[in-house]
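What follows is a set of notes on a single structure, which appears directly below.
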Amino acid sequence: MPEMPEVENIVIGIKDFIENKKIVDVEIIKGDVIKSPSSDEYRKLLQDKIIKSLKRRGKYIIMSLDDGRLNIIHLRMTGKLLYKQENEDIDKYSCVIYHLEDKTKLIYADIRRLGTLDLITTDEISRLKGLYTLGAEPLSSEFTIGYLKDCLNKSKTKIKPFLLNQKNVAGLGNIYVDEALAISKIHPERKANSLSDEEIEKLHQAINLVINEGIRDGGTSFRDYRNGLGEKGSHQDKLYVYNRKGKECRFCDTLITKIVLNGRGTYFCPNCQKLNDDK
DNA sequence: GCGTAGACTTGAGTCA
DNA sequence: ACTGCTCAAGTCTACG
């Protein structure tokens, strides 16, 4: 479900409500989303702990507790983190509820239950490979044109799967990859190592642009996404290609095409994003 | 080591 | 209304 701008909005929206509050109880409704430790251990270890901070890295949410442990939350496709008053109704698909000391609650809800919760010590971070091996964050000082160029030149895969690989750039997902490629006018099947310097520069700029605008617009609520307060984002109204099959390209009026690339629905403008035979 | 299909899981659909 | 089929914001594993 949520990509970096959506996760960022969730974290920014609720962190001030939950930081420095004590978890008085953890209610486990669908325990299979807890990957480690066991559900019982998870509940016991979180009871009476204070939430010191809530942060984001890539698409991961990192909740730091006052005993040094980290509650690592990944929403995958349909996970939600919702902050509510204790007397408010809970989501039908609630899996875990953290009851806080001030009669409020934080709910992890997930229709498909592909999301994951892991409570670990800081020494154990390397066990979560996806978190441990994340590449540079868009908009960060680490994410330079040179960094992107080095990664691209080491890769023989197509540009779309390259950008979806979190080891290269952290936080991009299916929507923002298609958008960044549309803005930089690069065909999704181009080989990563075939991009010219000029194209790399345009792609770098486009990634930062779509991520920045996605955050500013409160995320993309194409289907299930809601922020931590249950509100929709508005970036779905500004998409160039994603979910716009058969509609006119905003740059040239050609109709948007959809293909399946590495198992993912992929949208692009066949006129703006050409695939040359020699590339 | 690298790149690519398949698996996980459940509900929605300008479905048909 | 009910049925069935396709597709979905992500990542890990297995295989060639």
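Reckoned from all heavy atoms, side chains included, excluding hydrogens, waters and symmetry mates. Below, read A as the first sequence line, B as the second, and so on, with proteins coming before strands; counting in each chain starts at 1.
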* Asked: Considering only C:dC12, C:dA8, B:dG3, which nucleotide approaches the side chain of A:Y60 most closely?
  -> C:dC12

* Asked: Are side-chain N/O atoms of A:D110 and A:T78 paired as donor and acceptor at under 3.5 Å?
  -> yes

* **Among C:dG10, B:dG3, C:dC7, the one nearest A:E3 by side-chain distance** => C:dG10

* Interatomic distance at P, B:dT9 relative to C:dA14, whole Å -> 15 Å

* Between A:D197 and A:K149, is there a side-chain N and carboxylate O pair less than 4.0 Å apart? -> yes

* Please give the nucleotide sitting opposite C:dA1 as a Watson-Crick or G-U wobble pair, both distances under 3.5 Å, or none. => none

* Asked: Looking at A:R264, does any N or O in its side chain come under 4.0 Å of the phosphate oxygens OP1/OP2 on C:dG10?
  -> yes

* **Any A:T157 side-chain nitrogen or oxygen under 4.0 Å from OP1 or OP2 of B:dT4** => yes

* Can you find a side chain N or O atom of A:R113 that sits less than 4.0 Å from OP1 or OP2 on B:dT10? -> yes

* **Distance below 4.0 Å between A:Q166 side-chain N/O and C:dT11 OP1 or OP2** => yes

* Return no unless some side-chain N or O of A:H74 is found under 4.0 Å from OP1 or OP2 of C:dT11. => yes

* Asked: The side chain of A:K258 lies closest to which of these nucleotides: C:dG10, B:dG11, C:dC7?
  -> C:dC7

* **Ring-face cation contact, A:F268 with A:K160, 6.0 Å cut, 45° max** => no

* To do: Could you tell me whether the phosphate oxygens of B:dT10, OP1 or OP2, come under 4.0 Å of any side-chain nitrogen or oxygen in A:K30?
  => no

* Please determine if a side-chain N or O atom of A:K59 lies less than 4.0 Å away from the OP1 or OP2 oxygen of C:dT11. => yes

* Asked: Considering only the C1' atoms, how many Å lie between B:dA12 and C:dT11, rounded to the nearest integer?
  -> 23 Å

* Asked: Pick one: which of A:V24, A:D25, A:I50 meets side chain to side chain contact (heavy atoms under 4.5 Å, CB included) with A:E101?
  -> A:V24

